[in-house]
Each structure stands twice: as structure tokens, then as C-alpha cells.
Novice: 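Below: one structure in C-alpha cells.
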Protein chains: 2
Amino acid sequence: MLKISKKTDYALMALQHIASVQFGDVTPGRVVNTKEIAEEYNIPLELLAKVLQSLSKNGLIESHNGPKGGYLLARSARQITIAHIIESIEGPLAITDCSHEKEGEFCMQREHCNIRTPLLKIQDSIYQLLNNMTLADMLGGTPLITIQSASTQGVE
Amino acid sequence: MLKISKKTDYALMALQHIASVQFGDVTPGRVVNTKEIAEEYNIPLELLAKVLQSLSKNGLIESHNGPKGGYLLARSARQITIAHIIESIEGPLAITDCSHEKEGEFCMQREHCNIRTPLLKIQDSIYQLLNNMTLADMLGGTPLITIQSASTQGVE
DNA sequence: ATGATCTCCGATCAATATGGTCGCACTAAA
DNA sequence: TTTAGTGCGACCATATTGATCGGAGATCAT
Ligand code: FES
Ligand code: FES
């Protein structure tokens, strides 16, 4: 149904929480542990743990072991894009099955199929959209996205 | 994984086919039947039938019963948006579960949740995107979408 | 040094959504 | 009236996702 998974939901909540802790008050050394987030948002602890592990593996957050351990952002909230978050959890963004086909594995309808190109276009557009929105945008009352103009694309 | 279902894929192929037969303008003589499309694109006949039924129920195509029956576009290809097609098959576009919650059924994390608003923004943006692209765009070699500029939003 | 606390990671089970199949009723042309 | 087609709902199979469990390794407090 073109929707993101619950895990991604959890990831967004967690990141939002971590970010707001690090940004909001003057507590630079403050790490957030899994339990704290899980209880705050009613997320199954073990599931959230896995989600956070994925995020950490993808370099979005840093993990600190041992007691008093926990997570903190690996980068500024402004550098973390929604696209990156989603892809960390769900794998490469693929609006349709045959967009990331491995070599040699084409769907049989390929040669008859003329929806492939347009779909890839759409996929790209969605990616642009998600890539232009960062964690920071989710934090403040910032006006958020506002689809990026095609002509000013790639300004970065 | 933020992807559209195969049924929707089939719907797009079928519509693309029907449209290309009619070539954008309604030519009342030529109807296309399910079997023809199914065989052309290697789609399970019964499944495609259901997909076409959904499309017909949603007013995108007209069905004609009896022998020599089949389907034809109910509207010009330029009037059929991708968003409409997708929603006909998959129901209302909902990037996240709680975007279309029924009254009285809020997820428990709602009051703590600050990702809701941004997600709805994203959802809306994606909708705009899909709503600005029509079947006609998928047909020709038209430059397609080209994300709509934020500043010129709502010009239609 | 030792134990307690916490993350890390792989395996596994359950719930749900999706893909695909049947069978029959209905409709319209020949 | 026969026949080729859609309309439609129930149904099963499979894939994806959500959630759970158990143990290994790291770090800090004592
Ligand atoms: S469905 Fe795979 S290429 Fe079109
Ligand atoms: S998860 Fe439902 S409101 Fe945020």
C-alpha cells in the first residue's frame, strides 16, 4: 500500500527522540538507551533494539556499550536524511519489484513492458523528496519540505 | 519497502495497453478484453480480471459485457492520474498506519509521537507527485514529471 | 577481579498482507 | 438459446513483516 513499515516508524521516533535530547538541552554527554525509548513510545524493547542496531550499522547513530551505555547521533540532525533512515531499515528504495533486479533476472514481461521507465522516474522523484528532508526538519517547527524544484535540483 | 503491489503493476500495464490501443482518444469501436492483455504481458488471467474489475468499479475504465466485450478507457488518458490508479487498487494512500485512523482508534503512542505531522507532510508530497502524472505521461515520450516546483505549487 | 548492566547478533515463531485460484451468476451478441 | 465474455465473492498459498528468545561480548562500579 506504498507505506513504510512499523520498524521504520520506530526508527523515526527513536531518532527524533535521540535528536531532541541532544539538541534540546545542554547535555552533550547524554546517551539514550534502548529501554528509555521503548517505554516512552510503547515500542517492543527487542524490536526497537534491532532497529537501533540497523541504524548504528548504517552509521546514523553511535552505540556505546556497557552500563550507562546507549546511543547518540553519529552526525548532525541536519545531515541525516529521511531517505537514509528508511533505506537503513528497509533496504534500497524500490517502488516496483523490477527496479533493482539483479543482472540476469529480468521479469518476463520486461520486453513488453512500457511502464518500467515511468515508474523509475516516479521512484526517483520520491527519492529526491525523501532525500531533501532531514531529521532536523522533523524536529523544529520548520516549514518542512516543500517539494524541491526540478530546476534547482542538485544544489546541495 | 515503500513499494507498490504487483496488482498495481498489472493495473498500470493494462491501462497503458488499453490506452495505447485507443491512443489517448476514445475510439468507441475497439474494446480490449482481459485475455488479450493477460497473454500479452504474462499476467495470470484471473488476477488481472480482478484488477480490471477494481478499475472499472472506480470509474477508470468501462466494461462491456457479452461476447466481443471488454474494456475501454472511461476518460481521456490525460485525465487519469497515477494517484487515482494506485488508490483504486490499493485503497487510500497511507504512508504510515495511523494516517487514516478511524475516529476513536488512535495508536497509543500518539500523544508522545512527534513524527506524525512530518510523515503526513511527506505523504502529501508523494500524493502531489502521483497526482501530477497521468496515464498520458506514461504513453508518449513526453518528458514526464519533473517534480513540481514548490513555489509554483497549486497552479494545476 | 568480579559481577551487574547493557549492547550486539543470529535464529526463530506468529501475524498479516499479498499473490494467485476457483466456481458460479449475470449479460449481451450471434 | 447458445456462447463468449465480465462480475463477484470466497478461498488457499506464499511472502513479508512484526515480534520474541537466548546467548555472547563489552564496559563500568564496586
Ligand atoms: S514489470 Fe518488470 S520491467 Fe516492467
Ligand atoms: S505513530 Fe501513530 S501518531 Fe505517531
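Chain A is the first sequence line, chain B the second, and so forth, proteins listed ahead of strands; every chain is numbered from 1. Bear in mind the structure is a predicted one, so any value in this text is a computation, not a measurement.
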Novice: Quick one: closest heavy-atom pair of B/Leu93 and B/Leu130, and the distance?
Specialist: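 Result for this residue pair: CD2-CD1, 4.3 Å.
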Novice: Okay, side chain of B/Glu90, backbone of B/Ser5: is any donor-acceptor separation there less than 3.5 Å?
Specialist: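 Yes.
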Novice: Which letters describe nucleotides 23-30 of chain C, given B = protein heavy atom under 4.0 Å from base, S = only from sugar-phosphate, - = neither?
Specialist: ----BBB-
Novice: Return the value, rounded to whole Å, for the distance between atom CG of B/Leu55 and atom P of D/dG7.
Specialist: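 After rounding, the gap between these two atoms is 11 Å.
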Novice: Go through C/dG20, C/dT7, D/dT17 for me and flag the one nearest to the A/Ser5 side chain.
Specialist: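 Per side-chain heavy atoms of A/Ser5, the pick is D/dT17.
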Novice: Between C1' on C/dT5 and CD on A/Glu36, what's the gap in Å once rounded to a whole number?
Specialist: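 That distance rounds to 16 Å.
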Novice: Atom CD1 of A/Ile37 and atom P of C/dC6: how far apart are they, to the nearest Å?
Specialist: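 Distance, rounded to whole Å: 14 Å.
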Novice: Would you tell me if any nitrogen or oxygen in the side chain of A/Thr34 comes within less than 4.0 Å of OP1 or OP2 on C/dC6?
Specialist: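 For A/Thr34, the contact criterion (side-chain N or O under 4.0 Å from OP1 or OP2 of C/dC6) is not met.
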Novice: For nucleotides 9-14 of chain D, give me one character per nucleotide, 5' to 3': B if any protein heavy atom sits under 4.0 Å from the base, S if the only such contacts are to the sugar-phosphate, - if neither.
Specialist: -B----
Novice: Using a 3.5 Å distance criterion without hydrogens, assess whether the side chain of A/Glu87 forms a donor-acceptor pair with backbone atoms of A/Pro92.
Specialist: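 No: the side chain of A/Glu87 does not pair with the backbone of A/Pro92.
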Novice: Quick one: does any side-chain atom of B/Asn58 pair with a main-chain N or O of B/Ser54 as donor and acceptor, under 3.5 Å?
Specialist: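 Answer holds: yes.
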Novice: Is the side chain of A/Thr8 donor-acceptor paired with the backbone N or O of A/Ile4 at a distance under 3.5 Å, no angle test?
Specialist: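 Checking the backbone N and O of A/Ile4 against the side chain of A/Thr8, no donor-acceptor pair under 3.5 Å is found.
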Novice: Under the side chain to side chain donor-acceptor pair (under 3.5 Å) criterion, do A/Thr81 and A/Asn132 qualify, and how do the steps go?
Specialist: CA-CA 7 Å; A/Thr81 69; A/Asn132 281 327; over 6 Å; no
Novice: Starting at atom CG of A/Leu72, determine the distance to atom C1' of C/dT7, rounded to an integer number of angstrom.
Specialist: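 Computing the A/Leu72:CG to C/dT7:C1' distance gives 14 Å.
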Novice: Can you sort out the partners of A/Glu36 under salt bridge (Lys or Arg N to Asp or Glu O under 4.0 Å), two or more places apart, ordered by chain and number?
Specialist: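 Only A/Arg30 meet the salt bridge (Lys or Arg N to Asp or Glu O under 4.0 Å) criterion with A/Glu36.
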Novice: Provide the closest heavy-atom pair for B/Gly69 versus B/Val31 in the form atom of the first, atom of the second, distance.
Specialist: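 Scanning both residues completely, I find the closest heavy atoms to be O-CG2, 3.6 Å.
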Novice: Rounded to the nearest Å, what distance is computed from the CG atom of residue A/Leu48 to the C1' atom of nucleotide C/dT7?
Specialist: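 Rounded to the whole Å, the gap is 12 Å.
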Novice: Grab the OH-P distance between A/Tyr10 and D/dT17 for me, whole Å please.
Specialist: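 A/Tyr10 atom OH is separated from D/dT17 atom P by 14 Å.
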Novice: From the options C/dG20, D/dT6, C/dT18, select the nucleotide whose nearest atom is closest to the side chain of B/Tyr71.
Specialist: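 Nucleotide nearest to B/Tyr71's side chain: D/dT6.
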Novice: Separation of B/Asp9 atom CG from C/dT18 atom P, in whole Å?
Specialist: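 One finds 14 Å between P of C/dT18 and CG of B/Asp9, rounded.
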Novice: Specify the separation, in whole Å, of atom CG of A/Leu2 and atom P of C/dT18.
Specialist: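 Those two atoms, CG and P, are 11 Å apart.
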Novice: Going by atom types only, do B/Tyr71 and B/His64 share a side-chain donor-acceptor pair under 3.5 Å?
Specialist: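 No, no side-chain donor-acceptor contact under 3.5 Å.
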